[in-house]
Colleague: 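Once you've had a glance at the structure underneath, I'll fire off some questions.
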Amino acid sequence: MSVLVYTENWDGKFKKLSYELVSYATALAKELGTSATALSIGNVDETELKSLGNYGASKIISVSDDRLANLVNSAYSKVIAQVAEKEEANVIVFSNNFGGKALAPGVSVKLKAGLVAGVTALPSSIEPFTVKKAVFTGKAFANVVVKSDKKVLSLARNSFGISETDNNAAIEIFTPELSDGDFRTNVKDVTKVMGKVLLMDAEIVVSGGRGMKGPENWGPIEELAELFGGATACSRPVSDEGWRPHTEHTGQTGKIIAPNLYIAAGISGAIQHVAGVSSSKCIVAINKDPDAPIFEVADYGIVGDAMKVLPQMVEAVKELKAEG
Amino acid sequence: MKILVCISNVPDTTTKIRFVDDNKAFDKNGVQWIINPWDELALTRALELKEASGGAIEKISVITVGTKDAEPVMRKALAIGADDGIRVDTEAKDAYYVAMQIAEAIKDGGYDMILAGIESSDYNGSAVGRMIAEFLEIPSVSSVSKIEMEGGNISLKREIDGGTEVMETELPFVAIVQKGIALEPRIPNMRGIMMARKKPLAVVAPADGDALTEFAGFELPEAKAACKMVDEDNVKELVNLLHTEAKVI
Ligand SMILES: Cc1cc2nc3c(=O)[nH]c(=O)nc-3n(C[C@H](O)[C@H](O)[C@H](O)COP(=O)(O)OP(=O)(O)OC[C@H]3O[C@@H](n4cnc5c(N)ncnc54)[C@H](O)[C@@H]3O)c2cc1C
Ligand SMILES: Nc1ncnc2c1ncn2[C@@H]1O[C@H](COP(=O)(O)O)[C@@H](O)[C@H]1O
């Protein structure tokens with residue numbers, strides 16, 4: 001019996017997301033009276049692999065195979081299922097990100113293990129195994145019972161946090177059994193978004209809506225995001241108008257994010273927009289309309305002209321930084 | 001070539017979410033049902049591909065797993081332009097059960113491309129499309145934001161954390177689609193609505209098998225504390241509050 005956690009890497013590096021997953025798997029393993037094993041697929045060096053132990057993994061299984069350089073749904077799922085069987089894992093944990101969505105359902109079918117996607121907390125009960133997840137795009141929560149012996153969970157981003165524990169975990173190399181039939185999709189071309197902090201990873205997100213009037217007014221939004229080491233985002237009409245790239249659009253049909261701080265300037269707060277940001281820890285709204293629905297979900301608000309408020313905010317943040 | 005689009009029947013996205021039966025069940029009273037937005041876009045893209053294919057794509061079919069309640073959205077899918085439909089007549093219990101039913105119903109159907117959405121807007125399972133591929137043991141590509149077809153060659157663009165990749169795949173395959181797949185969903189016109197009535201919508205009995213998960217109950221989020229308002233001339237105070245009270249900067 002064990003808990004297996006699949007830790008994705010980006011060019012050989014783990015992210016906060018991976019450490020949060022290991023922290024969750026470790027806490028879950030404790031409740032089940034067992035330990036957590038982390039699985040990594042790809043070329044990751046030993047120091048980086050060892051870092052998973054700092055979040056509680058007691059064993060690290062590393063799979064590196066040239067054919068697994070890019071994500072292939074069927075091959076990756078097969079590797080994970082093989083490791084799960086070898087480790088006699090009864091719970092397999094993923095992130096509910098792009099990678100998790102591509103793999104967790106495959107592992108679920110292979111192991112006949114009930115899947116709960118977007119889990120937000122540790123199980124509320126072990127017998128029956130019951131976990132909580134968001135449903136109706138964040139408008140409610142469901143308690144889901146997994147009836148099968150084996151379970152697959154994918155964790156919602158930023159829902160658990162990170163807890164460090166010193167664990168000098170052993171690294172084990174695993175050689176999976178794969179055949180040509182597992183590689184029937186092929187990557188022809190890759191485009192990476194480089195340099196900037198990715199919206200999905202950002203702790204602080206500064207976002208603008210149609211109230212910003214035009215792309216020429218995005219200066220203070222970008223400056224603020226940069227001061228915070230965060231990312232910029234926007235509402236759908238803003239990306240539809242071509243003021244900002246589509247990769248920035250948040251909401252039901254865009255990215256769903258959960259940063260520590262979300263600043264919404266000139267955004268009305270339509271339900272479809274809020275669906276993408278409502279899990280943020282703190283929401284600040286700047287809107288000239290005191291009745292804008294965004295104030296119903298915000299923690300802090302300013303009724304005023306964003307064109308005037310944002311530059312003042314830039315100054316105030318600079319001052320705060322200068323004070324240290 | 002034949003394309004199949006999976007259709008999930010979901011409450012309109014503006015529905016006020018309420019529960020009944022001691023919070024054990026979703027309150028369907030007065031709810032407007034729609035085609036899951038991703039599935040509507042997937043269907044739109046399938047039709048665009050068919051029209052541009054010069055006859056290479058012969059047929060677009062739609063499938064749903066659901067009771068008679070799902071019939072209106074299936075008729076709508078036919079009105080938008082699908083050629084025929086299948087309804088597996090059973091409750092959509094969980095992703096595993098739904099995917100198993102779809103796989104059983106279509107395994108001999110000869111579909112080359114199967115499209116599903118990245119998630120249903122009701123239970124946000126993000127699983128059915130990928131599971132169908134696993135049951136049928138065929139390749140799949142997830143988070144697809146573009147499908148192009150040129151001279152029988154299919155190219156898919158998928159989104160990964162931090163970039164995009166262009167993919168090719170063997171047929172048959174499942175594409176799990178998301179934002180970008182089509183710009184605006186197609187709306188049925190009068191002629192489409194008339195024709196939809198005569199298009200075949202087969203009702204098939206479910207295969208044996210069971211769900212692996214079930215809902216024990218639902219909760220609404222706790223009401224949020226009122227928004228703390230700061231004067232527009234006092235932006236500095238807001239920044240201080242974010243630093244000392246909310247501790248987020
Ligand atoms: C199926 C569906 C899916 C959708 N998905 C999404 C989605 O994923 N994401 C999304 O964002 N939208 C989505 N939408 C659109 C959504 O319904 C809203 O139309 C959209 O979010 C509104 O964008 P906005 O707030 O920027 O613009 P508006 O609604 O035009 O609001 C502009 C706001 O700016 C304020 N304002 C104006 N001038 C100023 C100023 N000088 N200073 C401060 N404030 C000012 C106004 O008071 C107003 O509140 C979807 C819609 C549908 C039907
Ligand atoms: N009951 C269903 N019948 C047919 N297709 C479905 C059903 N439920 C989900 N799907 C498909 O699977 C996708 C993802 O749904 P889900 O896994 O429920 O989030 C949807 O966008 C549909 O394409």
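We use all heavy atoms of the structure for the numbers below, so side chains are in, but hydrogens, waters and symmetry mates are not. Lettering follows sequence order; numbering is per chain, from 1.
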Colleague: If the threshold is 4.0 Å, N to carboxylate O, is there a salt bridge linking Lys224(B) and Asp299(A)?
Modeller: yes
Colleague: Select all residues of residues 230-240 of chain B having any heavy atom within less than 4.5 Å of some heavy atom of chain A, and report them by number, or 'none'.
Modeller: Val230(B), Asp231(B), Glu232(B), Val235(B), Lys236(B), Leu238(B), Val239(B), Asn240(B)
Colleague: What part of Ala113(A) lies closer than 4.5 angstrom to a heavy atom of chain B: side chain, backbone, both or neither?
Modeller: backbone
Colleague: Would you mind telling me which of Phe26(B), Phe173(B), Phe19(B) has the largest number of heavy-atom pairs within less than 4.5 Å of chain A?
Modeller: Phe26(B)
Colleague: Kindly indicate whether the side chain of Phe218(B), heavy atoms from C-beta on, has any atom under 4.5 Å from the side chain of Asn143(A).
Modeller: no
Colleague: Quick one: which of Arg157(A), Lys192(A), Lys255(A) gives a salt bridge (Lys or Arg N to Asp or Glu O under 4.0 Å) with Asp161(B)?
Modeller: Arg157(A)
Colleague: Between Ala95(B) and chain A, which part of the residue has a heavy atom less than 4.5 Å away: side chain, backbone, both or neither?
Modeller: neither
Colleague: Is any side-chain heavy atom of Val187(A) less than 4.5 Å from a side-chain heavy atom of Met167(B)?
Modeller: yes
Colleague: Going through the checks in order, is the side chain to side chain contact (heavy atoms under 4.5 Å, CB included) test met by Ser126(B) and Lys101(A)?
Modeller: CA-CA 6 Å; Ser126(B) 303; Lys101(A) 287 178 187 177; 3.5 Å; yes
Colleague: Could you tell me which portion of Phe135(B) (side chain, backbone, both or neither) has an atom closer than 4.5 angstrom to a non-hydrogen atom of chain A?
Modeller: both
Colleague: Top residue by heavy-atom pair count (under 4.5 Å) with chain A, among Ser140(B), Gly125(B), Ser120(B)?
Modeller: Ser140(B)
Colleague: With a 4.5 angstrom heavy-atom cut-off, is it the side chain or the backbone of Leu183(B) that approaches chain A, or both, or neither?
Modeller: neither
Colleague: Would you mind telling me which of Met131(B), Glu214(B), Glu119(B) has the largest number of heavy-atom pairs within less than 4.5 Å of chain A?
Modeller: Glu214(B)
Colleague: Out of Glu165(B), Glu170(B), Glu168(B), which one pairs with Asn186(A) under the side chain to side chain donor-acceptor pair (under 3.5 Å) rule?
Modeller: Glu168(B)
Colleague: Report yes if some heavy atom in the side chain of Pro37(B) is under 4.5 Å from a heavy atom in the side chain of Gln252(A); otherwise report no.
Modeller: yes
Colleague: Determine yes or no for a side-chain-to-main-chain donor-acceptor pair under 3.5 angstrom, with Lys133(A) supplying the side chain and Asn124(B) the backbone.
Modeller: yes
Colleague: May I ask you to name which of Asn23(B), Thr13(B), Leu220(B) has the most heavy-atom pairs under 4.5 Å with chain A?
Modeller: Thr13(B)
Colleague: At under 4.5 Å between heavy atoms, what parts of residues 311-318 of chain A are in contact with chain B? List them by residue number.
Modeller: Gln312(A), Met313(A), Ala316(A), Val317(A)
Colleague: Go through Thr15(B), Val141(B), Thr169(B), Ile118(B) and name the one with the most non-hydrogen pairs under 4.5 angstrom from chain A.
Modeller: Thr169(B)
Colleague: So which residue, Ile176(B), Asp94(B), Thr213(B), ends up with the most heavy-atom pairs under 4.5 Å with chain A?
Modeller: Thr213(B)
Colleague: Which atoms of Ala134(A) are under 4.5 Å from chain B, going by heavy atoms: the side chain, the backbone, both sets, or neither?
Modeller: backbone
Colleague: Can you say whether Ile17(B) sits under 4.5 Å from chain A via the side chain, the backbone, both, or neither, judging by heavy atoms?
Modeller: side chain
Colleague: Heavy-atom distances under 4.5 Å only: say whether Glu319(A) touches chain B with side chain, backbone, both or neither.
Modeller: side chain
